[in-house]
Amino acid sequence: NAGVTQTPKFQVLKTGQSMTLQCAQDMNHNSMYWYRQDPGMGLRLIYYSASEGTTDKGEVPNGYNVSRLNKREFSLRLESAAPSQTSVYFCASALIWIESQYFGPGTRLLVL
Amino acid sequence: AQTVTQSQPEMSVQEAETVTLSCTYDTSESDYYLFWYKQPPSRQMILVIRQEAYKQQNATENRFSVNFQKAAKSFSLKISDSQLGDAAMYFCAYKAGNQFYFGTGTSLTVIP
């Protein structure tokens with residue numbers, strides 16, 4: 001039981017490049033979330049998926065897209081990376097929305 | 001808008017002593033959930049404790065307990081018998097609906 005896994009762990013991009021951050025959970029959770037963490041700002045919700053087949057915007061969705069590929073996987077895509085997207089990205093999952101969230105180890109992204 | 005405030009950027013405690021981390025939040029909701037997460041240097045977010053707003057009894061998990069004051073919108077975390085492994089960043093979080101809001105964190109140092 002690996003919990004929530006994220007790939008890659010670290011990535012460097014040039015401005016304008018695209019990439020997809022992958023997240024998978026093996027806990028049969030229904031809800032999944034993407035956050036970014038910036039120094040001094042705590043975590044901010046980018047997008048979430050309350051259940052398979054649905055996605056919704058969070059607090060800071062601009063510049064991102066998501067795909068809930070199936071119940072296990074929830075990916076985050078940066079179509080045209082910008083330096084302002086330099087951050088640590090966390091994926092999380094929960095059985096249902098009222099339950100506690102379980103976080104992955106994070107992906108550190110640097111956009112030059 | 002919902003906000004979560006952690007007014008103590010840094011705290012320190014002697015090993016085996018007790019420390020209290022503060023958190024206040026702003027909301028117009030009556031049904032919500034509150035959480036404390038721990039983030040060690042590995043960056044992974046670990047759930048410490050959670051509190052349902054409708055419950056009057058304060059949550060407790062081993063050495064961790066909360067003081068939930070609903071009218072004052074206060075949700076502090078008490079760590080008893082502090083251990084070196086408790087050193088980490090602690091985040092207070094608020095959840096209502098499918099939205100999650102985090103505070104900016106308190107860095108806890110445990111002094112041997």
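So you know, we letter chains A, B, ... as the sequences are listed, proteins then strands, and number each from 1.
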Task: Of Ile79(B), Val48(B), Ile49(B), the residue whose pairing with Lys38(B) passes side chain to side chain contact (heavy atoms under 4.5 Å, CB included) - done: Val48(B)
- [ ] Check whether any side-chain N or O of Thr27(B) sits under 3.5 Å from a backbone N or O of Glu29(B) as a donor-acceptor pair, and report yes or no.
- [x] yes
Task: Under 3.5 Å: donor-acceptor pair, side chain of Gln6(B), backbone of Pro9(B) - done: no
Open item on the list: Under 6.0 Å between ring centres: does that hold for Phe35(B) and Phe100(B)?
Closed with: yes
Open item on the list: Is it true that Tyr101(B) and Tyr25(B) share a donor-acceptor pair across their side chains at a distance under 3.5 Å?
Closed with: no
TODO: Please list all pairs passing the salt bridge (Lys or Arg N to Asp or Glu O under 4.0 Å) test where one or both residues lie in residues 73-94 of chain A, with sequence neighbours left out.
DONE: Arg77(A)-Glu79(A)
Open item on the list: Report, in residue-number order, which members of residues 102-112 of chain B are under 4.5 Å from chain A by heavy-atom distance.
Closed with: Phe102(B), Gly103(B), Thr104(B)
TODO: Could you verify whether a donor N or O on one side chain and an acceptor N or O on the other, from Tyr89(A) and Gln11(A), lie under 3.5 Å apart?
DONE: no
Task: Polar side chain donor-acceptor pair, Ser87(A) to Asp38(A), under 3.5 angstrom - done: yes
TODO: State plainly whether one hydrophobic cluster holds both Val88(A) and Leu76(A), where clusters connect Ile, Leu, Val, Met, Phe, Trp and Tyr through side-chain heavy atoms under 4.5 angstrom apart.
DONE: no
Task: Lys70(B) atom NZ, over 12 foreign heavy atoms within 6.0 Å - done: yes
Task: Any side-chain heavy-atom pair of Leu95(A) and Met27(A) under 4.5 Å - done: no
Open item on the list: I need the contact set between residues 102-112 of chain A and chain B: heavy-atom distance under 4.5 Å, sorted by residue number.
Closed with: Phe103(A), Gly104(A), Pro105(A), Arg108(A)
Open item on the list: If we ignore hydrogens and angles and just use 3.5 Å, is the side chain of Gln51(B) paired with the main-chain N or O of Ala59(B) as donor and acceptor?
Closed with: yes
Task: Interface residues of residues 54-70 of chain A facing chain B - heavy atom cut-off under 4.5 Å - done: Lys57(A), Gly58(A), Glu59(A)
- [ ] Go through the atoms of Gln39(B) and report whether side chain, backbone, both or neither lie under 4.5 Å from a heavy atom of chain A.
- [x] side chain
